[in-house]
Amino acid sequence: MNNAKLYRNKKGLQLSDSKYVIENFLEYIEWKSRKNVILDIGSGDGQTLCEILLPRISEKVERVFAIDISSEMVEFSRREYGDRNIVFEKMDIAATEIPVEFHGKFDHIFSFFCLHWVLNQRRAFENIYDMLRPDGYVLFTFLAKNPIFDIYEEMAKMEKWRSYMKDYEKYISPYHFSSEPTEELNDLLIKLGFHVKICEMTKRSYTFPNLKTLHECVKAVNPFLKNIPKCKHDEYFEDYSSTMRRLNAVKIERRTNNNEDAFECVYHLMIVIAFRADCVK
Ligand SMILES: C[S@@+](CC[C@H](N)C(=O)[O-])C[C@H]1O[C@@H](n2cnc3c(N)ncnc32)[C@H](O)[C@@H]1O
C-alpha cells in the first residue's frame, strides 16, 4: 500500500480500532521512570502515532522513531509531522539485518495494523526483540482474521484477475486460516524470549455507510490495484462486490430512508502486550 493520501482519508476502521486498543490496553504497559525512547512499526501516514498515541504518553517520552517499508508513507508523514522532532525512516521490519544503532535501543515498540502484512513473522518478531531494551515492552494490534482475505483468495482464482493477483497469499494474514491463532503467536513469542502478558484475539465490527465508501476503504489498502490497468478498476470492484455478497463476507443493513445500504464487516484483531524477559518480573 503506497497511496498515503488515499489511506489518510479512508482509514476509519483502522483509526477506530487503534483508538480502542490504545484506550483499553495502554494501561498494561509499564513505563520506566527515565524518559523513554519509542518506536512505531508500519507507521503509515503517521496519524495514529502522532494524533492518538503520542498525546497520551508525551510526558513519558524522550525520543520517537517511526519506520515504514513504503517511501511514500515515510515522505508523507515527514511532510505532515515534520515539526514534531520524530525520526521517520524507511525500513522493512522483516529485513535480514536491522541497523546496528537500533539494537537494544527502544523502551517501547508499538505497531498498529501492520504486522498482518508481514509473511515472515519469525524474522519480524526476532528483529523487534533485538531492538528492545532488556526491559522493553511491545504493544501490537493487527488483523488476525478478516473476510477480506477470503475475497482476495476467491478473486485470485478468477481467470480475469489471476495474473494480477499471483502473489495474493503474501497479503493474507498469517493467522487467517489458523485454527489456533493466539496459541501459534504466543508460542512464537515465547520461543523468541518474550514474556507475554496479553495475546488475544478480539471480535470487532465496522459499518461502512454505503458501498462507495466500502470500495474506497478497500482501495486504500488493496495491494493488487497497482498491477491492474486503471480502465479495469471499476470492473474489479464490481467483481469484488459480487464475491463479497456470494461469500456473505459482510452483513447488509437495508436502509430505506435514503436508499443506501450499509455494510457491516465483522473481523478479528490480534492484540499483544509482551516484554523482553531478560529480567523476568
Ligand atoms: C494499514 S497501514 C497502518 C498504518 C498506521 N500504523 C495506522 O494504524 O494507520 C500498514 C502500514 O504498514 C506498512 N508495512 C507493511 N509491511 C511492512 C514491513 N514489512 N515493514 C514495515 N512497514 C510495513 C505499510 O507500508 C503501511 O504503511
Side-chain angles (χ1 to χ4, degrees), residues 1-23 25-26 38-56 64-81 86-99 102 106 108-131 138-144 146 148-149 152 167 169-175 204 206 216-226 265 267 269-272:
M1 52 180 300
N2 282 315
N3 192 334
K5 220 166 154 187
L6 179 64
Y7 181 66
R8 160 56 62 103
N9 294 319
K10 299 293 164 197
K11 51 180 275 199
L13 180 152
Q14 290 88 340
L15 218 48
S16 103
D17 282 343
S18 299
K19 272 187 195 152
Y20 163 78
V21 171
I22 289 168
E23 276 162 15
F25 292 87
L26 199 57
I38 72 159
L39 170 69
D40 182 30
I41 297 170
S43 49
D45 65 330
Q47 190 176 19
T48 301
L49 170 67
C50 297
E51 296 181 29
I52 301 175
L53 179 64
L54 286 179
R56 289 171 166 82
V64 182
F65 292 75
I67 58 165
D68 200 286
I69 199 170
S70 149
S71 346
E72 204 200 304
M73 290 291 189
V74 172
E75 278 156 27
F76 182 93
S77 39
R78 278 181 187 156
R79 275 196 307 274
E80 282 290 302
Y81 303 105
I86 298 172
V87 181
F88 291 101
E89 290 284 351
K90 182 179 171 182
M91 192 179 132
D92 177 0
I93 190 55
T96 342
E97 278 180 33
I98 48 170
F102 276 13
F106 300 102
H108 297 90
I109 299 184
F110 297 92
S111 184
F112 302 95
F113 279 90
C114 167
L115 294 168
H116 56 272
W117 288 84
V118 181
L119 209 56
N120 193 340
Q121 292 277 295
R122 170 176 272 275
R123 173 59 55 76
F125 288 115
E126 267 169 6
N127 286 345
I128 291 167
Y129 190 88
D130 288 345
M131 289 194 288
V138 297
L139 165 56
F140 304 136
T141 191
F142 59 88
L143 287 172
N146 189 324
I148 198 172
F149 302 129
Y152 288 170
D167 58 350
E169 281 163 308
K170 254 172 63 182
Y171 299 104
I172 291 184
S173 166
Y175 305 95
R204 300 280 296 163
Y206 186 82
E216 286 167 345
C217 295
V218 169
K219 206 179 211 171
V221 294
N222 189 293
F224 313 110
L225 284 175
K226 63 178 187 313
C265 177
Y267 51 94
L269 274 189
M270 193 73 92
I271 302 170
V272 174

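Just the heavy atoms: all of them, side chains too, but no hydrogens, waters or symmetry mates, feed the values below. Order of listing sets the numbers, starting from 1, for every ligand and every atom in it.
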Asker: Using only atom types and a distance under 3.5 Å, with no angle test, would you say the side chain of S77 pairs donor to acceptor with the backbone of G46?
Answerer: no
Asker: Can you tell which part of Q47 has a heavy atom less than 4.0 Å from ligand 1: side chain, backbone, both or neither?
Answerer: neither
Asker: Ring centroid separation for Y152 and F224, is it under 6.0 angstrom?
Answerer: yes
Asker: Does R204 make a cation-pi contact with Y20, if we ask for NZ or CZ under 6.0 Å from the ring centre and within 45° of the axis?
Answerer: yes
Asker: Could you see which bit of S111 sits under 4.0 Å from ligand 1, with heavy atoms only: side chain, backbone, both or neither?
Answerer: neither
Asker: Regarding ligand 1, does I69 bring an N or O atom to under 3.5 Å of one of the ligand's N or O atoms?
Answerer: yes
Asker: Over 60° means perpendicular and under 30° means parallel, so classify the ring planes of F106 and F102, tilted if in between.
Answerer: perpendicular
Asker: With respect to L53, which candidate in D40, V64, L26, L139 satisfies the side-chain contact (heavy atoms from CB on, under 4.5 Å) definition?
Answerer: L26
Asker: For ligand 1, which atoms have a heavy atom of M91 less than 4.0 angstrom away?
Answerer: 20 (N), 21 (C)
Asker: Under 4.0 angstrom from ligand 1, any heavy atom of D92?
Answerer: yes
Asker: Would you check if H108 and V138 make a side-chain contact, meaning some heavy-atom pair closer than 4.5 Å?
Answerer: no
Asker: Who pairs with F140 by ring pair (Phe, Tyr, Trp, His ring centres under 6.0 Å), at least two apart in sequence or on another chain?
Answerer: F125
Asker: Which label fits H116 and F113: parallel for a plane angle under 30°, tilted from 30 to 60°, or perpendicular past 60°?
Answerer: perpendicular
Asker: Do any N/O atoms on Y7 end up under 3.5 angstrom from N/O atoms on ligand 1?
Answerer: yes
Asker: Go through ligand 1 atom by atom and flag the ones less than 4.0 Å from a non-hydrogen atom of K11.
Answerer: 9 (O)
Asker: With nothing but distance in play, are any N or O atoms of V118 less than 3.5 Å from an N or O of ligand 1?
Answerer: no
Asker: Please report whether ligand 1 has a polar contact with T48, defined as an N or O pair separated by less than 3.5 Å (distance criterion only).
Answerer: yes
Asker: Between ligand 1 and M73, is the shortest N or O to N or O distance under 3.5 Å?
Answerer: no
Asker: Polar-atom distance check: G42 versus ligand 1, any N or O pair below 3.5 Å?
Answerer: yes
Asker: With atoms numbered from 1 as shown, which atoms in ligand 1 lie under 4.0 angstrom from a non-hydrogen atom of G44?
Answerer: 4 (C), 27 (O)
Asker: Would you check if M270 and T141 make a side-chain contact, meaning some heavy-atom pair closer than 4.5 Å?
Answerer: no
Asker: At under 4.0 Å between heavy atoms, which part of D68 makes contact with ligand 1: side chain, backbone, both or neither?
Answerer: both
